[in-house]
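Take a look at the structure set out below.
Worth knowing before you read on, the calculation uses all heavy atoms, side chains too, and leaves out hydrogens, waters and symmetry mates.
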Amino acid sequence: MLQALALAAQGLRLTNPNPRVGCVIVGAEGQVLGQGHTQRAGGPHAEIVALSDAAARGHSVRGATAYVTLEPCAHQGRTGPCCDALVAAGIGKVVASLQDPNPKVAGQGFARLRAAGIEVEIGPGAAESRELNIGFFSRMVRGTPWVRLKVAASLDGQTALENGASQWITSEPARADGHAWRARACAVLTGIGTVLEDNPRLDVRLADAPRQPHLVVVDSRLETPLDALLFKPQRTLLIYAAVPDEARKAALEARGATVVYCPGPGGKVDLAAMLRDLAAREVNEVHVEAGHKLNGSLLREALVDEFLVYLAPKLLGAGRGMVNIGPLTELAQAVPLTYRDTSLVGPDLRILARIPGRDDF
């Protein structure tokens, strides 16, 4: 199963919106007959890749054991049911990490395998597989994507000087690592303030990316400039607005964007409704790179699941903070976090911290 999980991780930047799944087929003597991981959406799933690999090697898989990191699918989607392919191949046992949370599967794959006389074992590698697919589970169970908020800051927590200058607080290795996290997400989200101040591209350039994530802009009054750099990469661009302006909408859509009206109180975008809409568009993970105001709004509305923070070994003094949530009047009002990982990336410290309870679904 460890080998299957390692294969699943190879699909980290590839499989969206499908889950990252690995499969290893093992013979009676413990020899690997075939293996593989899920490919790009519309391509073969892990089980089919592993069966094809075994066939290419000239191995029969009849009576063999398939180790797979998620329940074999039981529905006709972009590809056919994997459980039926395993039955047809004569697999004798399936060891799976988890039941698929997709309501179209949800145990039906296991049921069809057992009905065909295949032994099924569930559990090995469950925690690792779920973590690898935290966004897929979030979308299927909660109906919203997993939201990861990325911040690059000085050691004293400043993301920019008071005049807005922020390039570059962290090092090139940290920036490249940040692009790798962009690449694994289904969508990168920012706000109109960042677009107007920095004119960013927010694509993946510093890491290998077989696909570009969608770009999502929170732009209540449709102020996105028609010559903004974010239009240049070939990718899906979604602009969420609150105040209707059909002329601006038409102009932005002529440039290739999709404008979605999602009005909330005070003429602002309803951020919770926006996330539900993104889930309906098959977005699993949202990678937020925004300013302290939008960061604060997402946090105040309890829409952030975890933080990805890069701290540079330098002090900036007065400047712009990570999130605009204060001022608090009591320490008990502080947002609690649990450290998931701390690592050095070049000279900078990378912290992955999760809000407790956000993964209880």
Gln234 atom CD, neighbour heavy-atom count above 12 within 6.0 Å = no

same_hphob_cluster(Leu352, Val188) at 4.5 Å side-chain heavy-atom cutoff = no

Rounded to the nearest 0.5 Å, what separation is found between the CG atom of Leu206 and the CZ atom of Arg175?
-> 7.5 Å

Over all atoms of both residues, closest heavy-atom pair of Ala241 and Leu222 | CB-CD2, 3.6 Å

Heavy-atom side-chain proximity of Met322 to His292 below 4.5 angstrom | no

Does Lys104 pair with Glu71 as a salt bridge, N-O distance under 4.0 Å?
-> no

In short, Ala64 meets Gly27 closest at the heavy-atom pair CB-CA, 4.4 Å

Should Arg358 and Asp360 count as an ion pair when the cut-off is N to O under 4.0 Å?
-> no

Flag the pair Tyr240 / Leu278 as yes when at least one side-chain heavy-atom distance between them is below 4.5 Å, and no otherwise.
-> yes

Below 4.5 Å, heavy atoms only, C-beta onward: do His287 and Lys150 meet side chain to side chain?
-> yes

Decide whether a cation-pi geometry holds between Arg139 and Trp146; the criteria are a distance under 6.0 Å from NZ or CZ to the six-membered ring centre and an angle within 45° of the ring axis.
-> no

Using a cut-off of 6.0 Å, state whether more than 12 heavy atoms not belonging to Leu2 lie near its atom CG.
-> no

When hydrophobic residues are tied together by side-chain contacts of less than 4.5 Å, even through go-betweens, does Leu12 share a cluster with Leu7?
-> no

Are any side-chain N or O atoms of Glu223 and backbone N or O atoms of Asp219, one a donor and one an acceptor, separated by less than 3.5 Å?
-> no

Might you work through the side chain to side chain donor-acceptor pair (under 3.5 Å) test for Asn18 and Thr38, ending with a clear yes or no?
-> CA-CA 8 Å; Asn18 292 333; Thr38 298; over 6 Å; no

4.5 Å side-chain heavy-atom contact, Val283 and Pro17 = no

Geometric cation-pi criterion Arg130 and Phe361, 6.0 Å radius, 45° cone = yes

Salt bridge Lys249-Asp245, side-chain N to carboxylate O under 4.0 Å | no

Please report the C-alpha distance between Asp156 and Lys314 in whole Å, then the side-chain angles of each, then the deciding distance to 0.1 Å, and finally whether the salt bridge (charged side-chain N to carboxylate O under 4.0 Å, His left out) criterion is met.
-> CA-CA 8 Å; Asp156 54 348; Lys314 59 185 70 169; over 6 Å; no

Lys/Arg N to Asp/Glu carboxylate O, Asp305 vs Arg148, below 4.0 Å | no

Take Glu285 and Ile134 through the test side chain to side chain contact (heavy atoms under 4.5 Å, CB included) and record every step on the way to the result.
-> CA-CA 8 Å; Glu285 292 183 17; Ile134 191 73; 4.2 Å; yes

Grab the two heavy atoms, one from Pro72 and one from Cys83, that are nearest each other, plus how far apart they are.
-> CB-N, 3.9 Å

Should we say atom CD of Glu253 is surrounded by more than 12 heavy atoms from elsewhere, each under 6.0 Å from it?
-> yes

Would Gln333 and Thr329 count as having a side-chain donor-acceptor pair, cut-off 3.5 Å?
-> yes

Leu113/Gln108 under side chain to side chain contact (heavy atoms under 4.5 Å, CB included): CA gap, chis, key distance, verdict = CA-CA 9 Å; Leu113 291 171; Gln108 296 181 60; over 6 Å; no

Salt-bridge contact Arg340-Glu131 (side-chain N to carboxylate O under 4.0 Å) = yes

When rounded to the nearest 0.5 Å, the distance separating CG of Leu14 from CZ of Arg184 is 13.5 Å

Derivation and outcome, side chain to side chain contact (heavy atoms under 4.5 Å, CB included), residues Val24 and Val32 | CA-CA 7 Å; Val24 179; Val32 173; 4.1 Å; yes

Salt-bridge test for Arg182 and Glu289: reply yes if a basic N is under 4.0 Å from a carboxylate O, no otherwise.
-> yes

Are the charged groups of Asp203 and Arg235 less than 4.0 angstrom apart, N to O?
-> no

Stepwise side chain to side chain donor-acceptor pair (under 3.5 Å) test for Ser297 and Asn295 | CA-CA 6 Å; Ser297 295; Asn295 288 349; over 6 Å; no

Closest approach of Val304 to Phe307 (non-hydrogen atoms, all atoms of both residues) = CG1-CE1, 4.0 Å

Closest non-hydrogen atoms of Ala242 and Pro244, given as atom of the first, atom of the second and distance, are O-CD, 3.5 Å

Side-chain heavy atoms under 4.5 angstrom apart, residues restricted to Ile, Leu, Val, Met, Phe, Trp, Tyr: same cluster for Val218 and Ile192?
-> no

Pair Arg320 + Glu162: basic N to acidic O under 4.0 Å = no

For Leu226 and Arg248, what are the C-alpha separation, side-chain angles and deciding distance, and is it a side chain to side chain contact (heavy atoms under 4.5 Å, CB included)?
-> CA-CA 9 Å; Leu226 297 177; Arg248 286 290 298 171; 4.0 Å; yes

Taking side chain as C-beta onward, heavy atoms only, is Asp277 less than 4.5 Å from Leu238?
-> no

Can you find a pair of side-chain heavy atoms, one from Arg13 and one from Asp208, that are under 4.5 Å apart?
-> yes

Is Arg255 paired with Asp227 through a side-chain N to carboxylate O contact shorter than 4.0 Å?
-> no

Return the minimal non-hydrogen interatomic distance between Asn16 and Cys186, and the atom names on each side.
-> CG-SG, 3.4 Å

Identified side chain to side chain contact (heavy atoms under 4.5 Å, CB included) partner of Thr342 from the options Ile351, Val309, Leu311 = Ile351

